[in-house]
Amino acid sequence: MSAEWTTSRVEDLSVNFDGKRRPVKGSERRLGPYPYYGASGVVDHVDDYLFDGEYLLVAEDGENLRTRQTPIAFLARGKFWVNNHAHIITGSERADTRFLMYALRHVDIDAYLTGAVMPKLTQGNLNRIEVSHPGLDEQRAIAGVLGALDDKIEQNRRTVQTLEKLARAIFRAWFVDFEPVKAKAAGATGFPSMPQAVFDALPTTFVDSDIGTVPEGWDVKPIGEVVTVKGGATPSTKKPEYWDSGMHCWATPKDLSHLWHPVLLDTDRHITDAGASVISSGLLPVGTVLLSSRAPVGYLAIAVVPTAINQGFIAMICDGMLPPTYVYQWAAASMETIKTHASGTTFAEISKKAFRPLPIVEPTDNVVTAYKELVEPLFELLTGCVKESTRLAELRDYLLPKLLSGTVRAANPVPETIG
């Protein structure tokens, strides 16, 4: 480490705002556009009792810190409120706030936690944490390098959310609300986003079905007839040959629990060829839609890599006319119905037997083809953003300890964003 670096306690590098807030009672809270942060991230949105600016939040709950995506330290920008499960600080005249965030991410906080059942970081122990740091200019340069990567990741996150929202809106308009058919029946000569030839071929009448009225000529079928439904298993963990040096993804519901996007790129654990061979469903193909069937019911993703699964899933292999993007959106739109078919005393679970009869609308071939041509490019862009963010996060995590130890210097100014 450079001789220019020194070590200081957090209390000497920060201004603490914990004392400037008070608990917000439920009766006082007004819903609004501003995030209300807790130890696990945004717990609500409010319209009162707000901080305004850029502050560093440090979560207290040690148990949650080990299971959630949000790191121990993160920045909140704009107007927001914080509950009593997190600390709120900003950098003093000696510290850049964003540098302090990265420095705290680099600290092993175990020695500062109290409580065996629910580990907690008190304000006093937060103040005692020691942070190595250079001068303010180099702090800002380090924060600039790491922040540029995080800013691009955040930009990608917003892009993914926009693309997913657009795909969801198209599905709902075409296949839940049947807006193009209703528009044609009302005398319209076209519908935005739908090719003219496809619109011209739409029916103008509806017929009764088990799920209500649907466009004439469109079918309502059990989901088990339009996709191949599979389950999974856990290879024996006592047999190293199933796990050691495994190269194949093996998913559990936990792998989907922290996704901020609808695609599964990788899993925490991997299995070998031998491990995959003892799972009856084996390696599921790219494009399989994964639905967690218990603990809890409802996590959802499209596998974009071959993936084996444990017993906590219903897997939908889209080997029929309907593409994965359609099946995914159907499952998302039908989630309440899916959950009502779950049962169990200890925890809710939906079985393959209960799942297969659930109804899905199957439009005519030309409508499905038009939907694929419209939506699949959105998912390709979305997946590209997720892959880029994964690479950027890996680069950030590689650079962070090197920059924060002085092994790699970042003394020169850097751009605020990448891309």
Indicate yes or no for a side-chain donor-acceptor contact from Thr340 to the backbone of Thr337 under 3.5 Å, with no hydrogens or angles considered.
yes
Give a yes or no on whether the backbone of Asp268 and the side-chain of Asp255 come within a donor-acceptor separation of less than 3.5 Å.
yes
Nearest 0.5 Å please: distance from the NZ atom of Lys221 over to the CD1 atom of Ile223.
11.0 Å
Calculate, to the nearest 0.5 Å, the distance between atoms NE2 and OG belonging to His248 and Ser277 respectively.
9.5 Å
Please tell me whether Ser14 and Ser92 have a donor and an acceptor in their side chains that are separated by less than 3.5 angstrom.
no
Assess the side chains of Asn16 and His87: does a donor N or O sit below 3.5 Å from an acceptor N or O?
no
Is the backbone N or O of Gly298 less than 3.5 Å from a side-chain atom of Lys339, with the two atoms forming a donor-acceptor pair by type?
no
Smallest heavy-atom separation, Ile314 atom then Ser351 atom, equals CD1-O, 3.9 Å
Thr369 side-chain N/O to Asn366 backbone N/O, donor-acceptor pair under 3.5 Å
no
Strictly by modelled atom types, are Ser293 and Glu349 linked by a side-chain donor-acceptor pair under 3.5 Å?
no
Quick check for you: to the nearest 0.5 Å, what is the distance between Ile88 atom CD1 and Leu56 atom CG?
9.0 Å
Do the rings of Phe175 and Tyr371 sit parallel, tilted or perpendicular, given the 30° and 60° boundaries?
perpendicular
Quick one: do Glu154 and Arg157 make a salt bridge, cutoff under 4.0 Å?
yes
Is Gln139 reaching over with its side chain to a backbone N or O of Asp96, donor-acceptor style, under 3.5 angstrom?
yes
Here the gap from Arg172 atom CZ to Gln329 atom CD, rounded to the nearest 0.5 Å, amounts to 10.0 Å
With the threshold set at 4.0 Å, does a side-chain nitrogen-carboxylate oxygen contact exist between Arg9 and Glu11?
yes
Regarding Asp150 and Tyr102, do their side chains bring together a donor and an acceptor under 3.5 Å, going by distance alone?
yes
Carboxylate-amine/guanidinium proximity below 4.0 Å for Arg98 and Asp151:
yes
Going by side chain to side chain contact (heavy atoms under 4.5 Å, CB included), Tyr328 matches just one of Val263, Leu300, Leu291. Which one?
Leu300
Any side-chain to backbone donor/acceptor pair from Ser281 onto Gly231? Under 3.5 Å, distance only.
yes
Judged by atom type as modelled, is there a donor-acceptor pair below 3.5 Å linking the side chain of Thr272 to the main-chain atoms of Glu241?
yes
In short, Leu264 meets Ala251 closest at the heavy-atom pair CD2-CB, 4.1 Å
Indicate the atoms forming the closest heavy-atom contact of Val226 with Leu322, along with that distance.
CG2-CD1, 4.2 Å
Please round to the nearest 0.5 Å and tell me the distance separating atom CG of Leu290 and atom OG1 of Thr307.
6.5 Å
Quiz question: by atom type and distance under 3.5 Å, do the side chains of Thr234 and Gln311 form a donor-acceptor pair?
yes
pair Lys230-Ile317: side-chain heavy atoms closer than 4.5 Å
yes
Ignoring hydrogens and geometry, is there a side-chain-to-backbone donor-acceptor pair from Ser292 to Tyr299 under 3.5 Å?
yes
Hey, is the main chain of Thr325 close enough, under 3.5 Å, to the side chain of Trp330 for a donor-acceptor pair?
no
Heavy-atom distance under 4.5 Å between the side chains of Phe355 and Val229, does that happen here?
yes
Ignoring hydrogens and geometry, is there a side-chain-to-backbone donor-acceptor pair from Lys184 to Leu202 under 3.5 Å?
yes
Using 0.5 Å steps for rounding, measure from the CH2 atom of Trp218 to the OG1 atom of Thr213.
11.5 Å
Just by distance, no angles: are the side chains of Thr228 and Asp319 close enough, under 3.5 Å, to form a donor-acceptor pair?
yes
For Phe51 and Phe80, take the angle between the two ring planes, folded into 0 to 90°, and tell me which bin it lands in: parallel under 30, tilted 30 to 60, perpendicular over 60.
parallel
Please tell me if the side chains of Ser236 and Trp243 come closer than 4.5 Å, counting only heavy atoms from C-beta onward.
no
Which heavy atom of His270 sits nearest to which heavy atom of Gly246, and what is that distance?
CB-O, 3.3 Å
State, to 0.1 Å, how close Pro324 and Cys318 come at their nearest heavy-atom pair, and which atoms those are.
CA-SG, 3.6 Å
Asn156 vs Val386 side-chain heavy atoms within contact, under 4.5 Å
no
